[in-house]
2 protein chains.
Amino acid sequence: MSETKPVPDIVIGRLPIYLRALNYLLAEGQTITASKDLALRLGISSAQIRKDLSHFGEFGKQGMGYDIAHLRDQLRSILKADRVWNMALIGAGDLGHAIAHYAGWEGKGFRIICVFDNNPQKIGRNLGRFQICDIATLAERVRELEVEIAIVAVPAQAAQSVVDKLVEAGIGAILNYAPITVKVPAGVQVQYIDPVIHLQRMTYYL
Amino acid sequence: MSETKPVPDIVIGRLPIYLRALNYLLAEGQTITASKDLALRLGISSAQIRKDLSHFGEFGKQGMGYDIAHLRDQLRSILKADRVWNMALIGAGDLGHAIAHYAGWEGKGFRIICVFDNNPQKIGRNLGRFQICDIATLAERVRELEVEIAIVAVPAQAAQSVVDKLVEAGIGAILNYAPITVKVPAGVQVQYIDPVIHLQRMTYYL
DNA sequence: TAGATTGTTAATCGATTAACAATC
DNA sequence: TAGATTGTTAATCGATTAACAATC
């Protein structure tokens with residue numbers, strides 16, 4: 001009888017946007033905000049923001065709004081952004097190179113701790129501060145290093161087989177930069193980053 | 001009386017995914033596909049694919065499915081992906097560097113043709129094959145070079161003012177890598193790329 | 001023809017919004 | 001207290017799906 005409906009994916013998808021905005025407001029030195037303020041900043045209705053938050057509890061005070069630091073902490077907790085996540089990077093090409101050097105992770109609780117490739121020319125060489133490992137050693141290293149998230153930066157043709165290996169190795173979340181939709185078993189999370197897709201979503205309107 | 005409802009944004013958002021899959025099938029040497037095939041590959045219902053396409057015309061044959069090359073051409077035309085778009089890159093930091101060197105654009109009809117920064121230390125220097133220009137010269141260069149799309153790769157604190165300058169200069173589409181939601185007038189397109197947002201959308205489920 | 005798949009309609013499902021009592 | 005804003009309900013809106021006649 002304790003049928004709790006899961007929070008819709010679309011709501012979860014907005015929480016990181018809220019969290020990002022709250023961090024920004026904090027950095028600006030603000031301490032209080034209202035759903036109307038956030039709504040104006042984010043281009044989302046205030047009712048939607050309140051409704052989204054209400055899935056998780058009551059974080060505001062009537063007449064006052066929200067304590068930014070408090071709401072930030074709550075969202076970090078809900079999203080599990082209050083801990084550090086170990087990530088593996090698969091693919092040591094140009095794209096992998098850029099991702100490995102990207103600074104935006106650290107400080108947000110995400111860190112790349114190992115890099116894999118299947119090219120014998122690359123294995124053993126360095127990519128930034130990492131030694132490139134043979135993808136054949138993926139499963140054991142993922143276990144040893146307690147990797148929970150993988151970033152896929154291999155060519156489209158290789159992506160599905162890499163993803164299969166990752167799933168096999170017990171990875172639960174994959175950030176896929178390869179320009180292809182991949183198949184994963186239910187329960188494994190995949191998110192996509194493909195700039196071309198975003199650009200084509202805009203050119204239609206130009 | 002010619003009230004034509006615009007095609008929903010969410011439908012436009014899926015078209016590039018379809019196009020990407022069709023290109024992949026073509027590269028694999030296939031010539032025909034059915035909505036059921038695509039559905040299986042993309043994790044989308046076949047009814048939805050057919051409905052999405054029906055907004056733009058009748059591209060299939062009953063009993064047969066779709067000619068891949070033909071449907072690909074149609075989608076390219078709808079999305080205006082059958083021409084070349086000139087892009088300006090704003091921000092010559094680490095992220096801008098990675099974006100400028102990213103190879104995935106060319107061949108898809110997108111090309112960066114100029115790079116801007118506001119740092120006097122950087123202006124005049126080279127970023128890859130580009131000489132970094134003063135952002136103060138943005139408007140005139142955008143006009144001269146017929147730039148229609150901008151990629152924003154500046155720190156969050158600078159993003160809104162850069163976006164304001166871009167809008168002022170007549171840019172109609174912005175791909176924003178800065179981790180902040182920006183305000184633009186109606187009619188200006190913005191798409192966001194922030195890996196942290198994608199990662200946080202997954203950790204909730206882990 | 002028989003089999004398959006489209007394009008489209010109507011039904012279902014889910015998400016957004018408007019409105020307001022509760023309350024700080 | 002008066003004013004403001006939350007959390008939540010009910011109404012609206014829009015998107016997805018199931019089903020099937022049309023037809024290749």
Side-chain angles (χ1 to χ4, degrees), chain A residues 3-18 21-22 25 30-75 78 181 186 201 204, chain B residues 3-18 21-22 25 30-75 78 181 186 201 204:
Chain A
E3 279 296 321
T4 353
K5 273 186 207 141
V7 179
D9 288 353
I10 199 160
V11 172
I12 303 304
R14 281 190 292 260
L15 297 186
I17 306 287
Y18 301 159
L22 292 168
L25 288 172
Q30 298 198 230
T31 57
I32 303 269
T33 190
S35 60
K36 228 173 148 188
D37 289 356
L38 280 173
L40 191 66
R41 267 179 190 267
L42 299 179
I44 290 177
S45 82
S46 63
Q48 182 159 83
I49 292 172
R50 293 198 302 277
K51 185 128 220 281
D52 285 352
L53 296 177
S54 75
H55 284 99
F56 302 96
E58 311 192 353
F59 306 122
K61 285 212 205 327
Q62 282 97 330
M64 294 295 292
Y66 301 88
D67 180 90
I68 297 174
H70 179 246
L71 182 55
R72 192 267 313 256
D73 290 345
Q74 296 294 318
L75 287 180
I78 292 164
T181 305
R201 282 175 182 161
Y204 172 81
Chain B
E3 278 298 317
T4 353
K5 273 188 207 139
V7 179
D9 288 353
I10 199 159
V11 172
I12 302 303
R14 281 190 294 261
L15 297 186
I17 307 286
Y18 301 160
L22 293 168
L25 289 173
Q30 298 197 231
T31 57
I32 302 270
T33 191
S35 60
K36 228 172 149 189
D37 289 357
L38 279 174
L40 190 66
R41 269 181 188 266
L42 300 178
I44 291 178
S45 81
S46 62
Q48 181 160 83
I49 292 173
R50 293 198 302 277
K51 185 131 219 281
D52 285 352
L53 296 176
S54 75
H55 284 100
F56 302 96
E58 311 193 353
F59 305 122
K61 284 211 204 328
Q62 282 98 328
M64 294 296 293
Y66 301 88
D67 180 89
I68 297 174
H70 177 247
L71 182 54
R72 193 265 313 256
D73 290 344
Q74 296 293 319
L75 287 180
I78 291 163
T181 304
R201 282 176 182 161
Y204 172 82

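All values below come from the heavy atoms of this structure, side chains included, with hydrogens, waters and symmetry mates left out. Proteins get letters first, then strands, A, B, ... in listed order; numbering begins at 1 in each.
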Chemist: Could you state the atom-to-atom distance from CD of A:Q48 to C1' of D:dG14 in whole Å?
Modeler: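 Atom CD in A:Q48 sits about 13 Å away from atom C1' in D:dG14.
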
Chemist: Would you say the side chain of A:Y66 lies within less than 4.5 Å of the side chain of A:R72, judging by non-hydrogen atoms?
Modeler: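 Of all side-chain heavy-atom pairs linking A:Y66 with A:R72, none is under 4.5 Å.
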
Chemist: Quickly work out the B:K5 NZ to D:dG14 P distance and round it to whole Å.
Modeler: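 Nearest whole value for this atom pair: 8 Å.
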
Chemist: Both distances below 3.5 Å, Watson-Crick or wobble geometry, any strand: find the nucleotide opposite D:dT5.
Modeler: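 For D:dT5, the partner nucleotide comes out as C:dA22, under the 3.5 Å rule.
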
Chemist: Ignoring the backbone of A:R50, work out which of D:dT8, D:dA15, D:dA18 is nearest its side chain.
Modeler: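 Minimum distance to the A:R50 side chain belongs to D:dT8.
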
Chemist: Picking from C:dT6, C:dA18, D:dT16, which would you name as closest to the side chain of A:A47?
Modeler: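 Nearest to the side-chain atoms of A:A47, counting from C-beta on, is C:dA18.
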
Chemist: Side chain of A:S45 only, heavy atoms from C-beta on: which candidate in C:dA10, D:dA19, C:dT17 is closest?
Modeler: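 The closest nucleotide is C:dT17.
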
Chemist: Could you state the atom-to-atom distance from CG of A:D9 to C1' of D:dT16 in whole Å?
Modeler: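 Taking atom C1' of D:dT16 as the reference, CG of A:D9 is at 15 Å.
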
Chemist: Grab the NE2-P distance between B:H55 and C:dT6 for me, whole Å please.
Modeler: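 Result: 17 Å.
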
Chemist: So, taking the atom named CG in A:L38 and the one named CG in A:L22, what distance separates them when rounded to the nearest 0.5 Å?
Modeler: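 So the CG of A:L38 and the CG of A:L22 are separated by 5.5 Å.
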
Chemist: With respect to the side chain of B:Y66, which nucleotide from C:dG7, D:dT6, D:dT16 is positioned closest?
Modeler: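 Ranking C:dG7, D:dT6, D:dT16 by closest atom to the B:Y66 side chain puts C:dG7 first.
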
Chemist: Between A:P8 and B:S46, which is nearer to the 5' end of DNA chain C once each is assigned its nearest nucleotide?
Modeler: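 On the 5' side of the pair lies B:S46.
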
Chemist: Atom CD1 of B:I44 to atom P of D:dA15: distance rounded to whole Å?
Modeler: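 The answer, rounded to whole Å, is 15 Å.
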
Chemist: With a 3.5 angstrom cut-off on both distances, give the Watson-Crick or G-U wobble partner of C:dA11, or none if there isn't one.
Modeler: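 Paired with C:dA11, as far as the under-3.5 Å criterion goes, is D:dT16.
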
Chemist: Rounded to the nearest 0.5 Å, how far does CG of B:L75 lie from CZ of B:F56?
Modeler: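 It is 8.5 Å, given to the nearest 0.5 Å.
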
Chemist: Hey, are the side chains of B:L53 and B:L71 touching, using non-hydrogen atoms and a 4.5 Å cut-off?
Modeler: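 Side-chain contact under 4.5 Å: yes.
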
Chemist: Where the side chain of B:K51 is defined as all heavy atoms beyond and including C-beta, which of C:dA18, C:dT9, D:dT9 is the nearest nucleotide?
Modeler: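 The answer is C:dT9, which lies nearest to the side chain.
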
Chemist: Would you say B:S35 reaches C:dT5's phosphate, i.e. side-chain N/O to OP1/OP2 under 4.0 Å?
Modeler: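 It does not, given that no N or O in the side chain of B:S35 lies less than 4.0 Å from OP1 or OP2 of C:dT5.
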
Chemist: Between A:D37 and A:L40, is any pair of side-chain heavy atoms under 4.5 Å apart?
Modeler: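 In short, these two side chains do not touch, never coming nearer than 4.5 Å.
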
Chemist: For the pair made of CD in B:Q62 and C1' in D:dA21, what is the distance, rounded to whole Å?
Modeler: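 Rounded to the whole Å, the gap is 10 Å.
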
Chemist: Give the rounded distance in Å between these two atoms: CZ of A:F59 and P of C:dT23.
Modeler: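 After rounding, the reported distance stands at 18 Å.
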
Chemist: If I take atom CG in residue B:L38 and atom C1' in nucleotide C:dT6, what distance separates them, rounded to the nearest angstrom?
Modeler: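 Atom CG in B:L38 sits about 13 Å away from atom C1' in C:dT6.
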
